[in-house]
Structures are given as C-alpha cells and as structure tokens.
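The structure appears below as structure tokens.
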Amino acid sequence: MVKPKKVAVKGIAAERQRRTGAIPRVTPQPPSPKKAPIKKVAAIKKQVEEKGKEEEEQRREEALLLDLGGQRERWVNFVRQQSLSTEEAAKLLLDSFCSICVKKQNRHFIVPASRFKLLKGADNLTTYKFNTKKAQHAFCKTCGVQSFYTPRSNPDGYGIAPHCLDEGTVRSVHVEQINGKEWEKMMKEHKTIRSMSQS
C-alpha cells in the first residue's frame with residue numbers, strides 16, 4: 001500500500017489552480033492590534049515629564065515666595081506671563097538690572113546705626129537680598145516701598161531714602177553720583193563712603 005504524500009497547503013492551492021484554472025480563495029487574517037507609534041509614545045512620555053517638571057517648579061516657587069509678602073502675587077504673575085522658571089526670572093531681573101540701585105534710582109544718605117530708630121512697622125517689613133547677600137533691602141510687605149536699607153558698603157549703618165522722610169525733616173541735600181554697576185571699582189575709588197556709618 002502506498003501512502004499519499006502530504007502536500008503543504010501552499011502546494012495544494014497551487015495544484016488545484018493548475019488543474020482547474022481557478023484562483024484559490026485566500027482567507028485574510030484578522031489585523032493584528034496596532035501598537036502606538038514610537039513617536040506617539042515619546043510624545044506622551046515627554047508630556048508626563050513636562051507636567052512633572054511644572055509641578056516641581058511650582059513647589060519650588062511656593063517655597064521661594066514665602067517671604068515676598070504683598071509682592072508674591074506680582075512675582076507669580078510675572079513668572080507666568082514670561083513663561084519662565086523662578087530661577088530664569090530671577091536671573092533675567094538681576095542680569096538686566098545689573099544693579100538694583102540703578103533701576104530703582106537708589107538715592108540715599110548713610111547714617112550710623114546708633115542714629116537710626118524705626119518708630120513703627122517693623123513687623124510689616126521683609127528683606128530682599130541678592131548677589132553677595134550683604135545688603136539688606138528692607139521693604140514694606142503691603143506697598144513695596146523701600147525707605148531704608150542696610151547697604152553692603154556700610155553694614156554698620158543704614159541708607160535712608162530722603163524722599164521717604166517727612167517734609168521739612170531734611171534742610172539740604174548734596175548729591176554724589178555712584179556707579180552701582182561697577183560697585184567694587186567705585187568702592188576703591190571713593191575714599192570716604194565706608195566712614196559714613198561711623199558715629
């Protein structure tokens with residue numbers, strides 16, 4: 001007895017087509033579930049990472065803004081409007097100002113600490129420090145006005161803004177220009193500034 005040969009499916013279809021001239025029917029396979037394209041997966045991953053970064057940045061902002069008092073909302077709005085991180089905003093402001101004294105037109109006279117007495121409002125003050133953090137820029141938490149500060153040049157005294165004093169308090173003012181952008185150079189050239197806070 002002769003056993004029939006097993007013919008591969010492909011061979012059977014080809015044999016049938018040869019004998020009958022009919023085109024074999026091919027049953028299509030159901031499509032395999034499509035995997036998300038790699039680009040789409042990468043985009044989703046990037047969105048998740050960006051959201052995480054935004055949340056981290058917001059936590060950092062909240063931690064940094066605790067001492068801004070009444071200026072907190074203005075700072076938050078500035079950062080959002082400029083689409084900057086807190087660090088980028090601070091760098092932008094500090095770099096563009098070069099010296100805070102130039103931008104706020106810091107005109108002041110220096111008095112020894114022994115000749116300065118704050119009568120009220122100490123509990124409503126907050127302090128801004130930058131760069132070397134030696135100058136203590138005190139300002140009102142409510143309105144943002146800075147009427148005095150502790151200058152880096154004279155840490156044992158106060159720089160008083162004459163325009164914040166009551167009228168009639170000052171009889172005359174002698175203005176001396178100082179280049180705050182080149183502070184170190186100015187301090188070497190100015191011979192008497194450090195002695196202004198001495199009693």
Between [X] and [Y], which heavy-atom pair has the shortest distance, and what is it?
X: Pro151; Y: Gly159; value: CD-N, 3.6 Å
X: Lys141; Y: Asp123; value: NZ-O, 3.9 Å
X: Cys140; Y: Cys143; value: SG-N, 3.5 Å
X: Ala135; Y: His137; value: CB-NE2, 3.5 Å
X: Ile110; Y: Ser153; value: CD1-OG, 4.1 Å
X: Leu84; Y: Val79; value: O-CG1, 2.9 Å

Where do Phe139 and Val145 land on the side chain to side chain contact (heavy atoms under 4.5 Å, CB included) test, with the steps shown first? CA-CA 5 Å; Phe139 62 92; Val145 170; over 6 Å; no
Going by ring pair (Phe, Tyr, Trp, His ring centres under 6.0 Å), name the residues that satisfy it together with Phe148, two or more places apart in sequence or in a different chain.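 By the ring pair (Phe, Tyr, Trp, His ring centres under 6.0 Å) rule, Phe148 matches Phe116, Tyr158.
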Using side-chain hydrogen bond (donor to acceptor under 3.5 Å, both in side chains) as the criterion, list what pairs up with Asp156, not counting sequence neighbours.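 Residues passing side-chain hydrogen bond (donor to acceptor under 3.5 Å, both in side chains) with Asp156: Ser197, Gln198.
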Ser147 side, atom OG; Leu125 side, atom CG - distance, nearest 0.5 Å: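 Spacing of OG (Ser147) from CG (Leu125) equals 7.5 Å.
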Glu50 CD to Lys45 NZ distance, which is reported to the nearest 0.5 Å: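 It is 13.0 Å, given to the nearest 0.5 Å.
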Results of side-chain contact (heavy atoms from CB on, under 4.5 Å) for [X] - residues two or more places apart only:
X: Thr169; answer: Leu165, Asp166
X: Lys185; answer: Glu182, Glu189
X: Arg74; answer: Gln71
X: His163; answer: Ala161

Please lay out, stage by stage, how His190 and Met196 fare under the test side chain to side chain contact (heavy atoms under 4.5 Å, CB included). CA-CA 11 Å; His190 199 289; Met196 292 179 176; 4.0 Å; yes
Below 30° counts as parallel, above 60° as perpendicular, anything between as tilted: where do the rings of His108 and Tyr149 land?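 Rings of His108 and Tyr149: perpendicular, over 60°.
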For atom CD of Glu49, is the number of surrounding heavy atoms from other residues, nucleotides or ligands below 6.0 Å larger than 12?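 Yes, the 6.0 Å shell around CD holds more than 12 heavy atoms from other groups.
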Is the shortest heavy-atom distance from the side chain of Thr150 to the side chain of Thr127 under 4.5 Å?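 No, side chains not in contact.
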Got Lys129 and Gln136 here, is their nearest side-chain heavy-atom distance under 4.5 Å?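 They are in side-chain contact.
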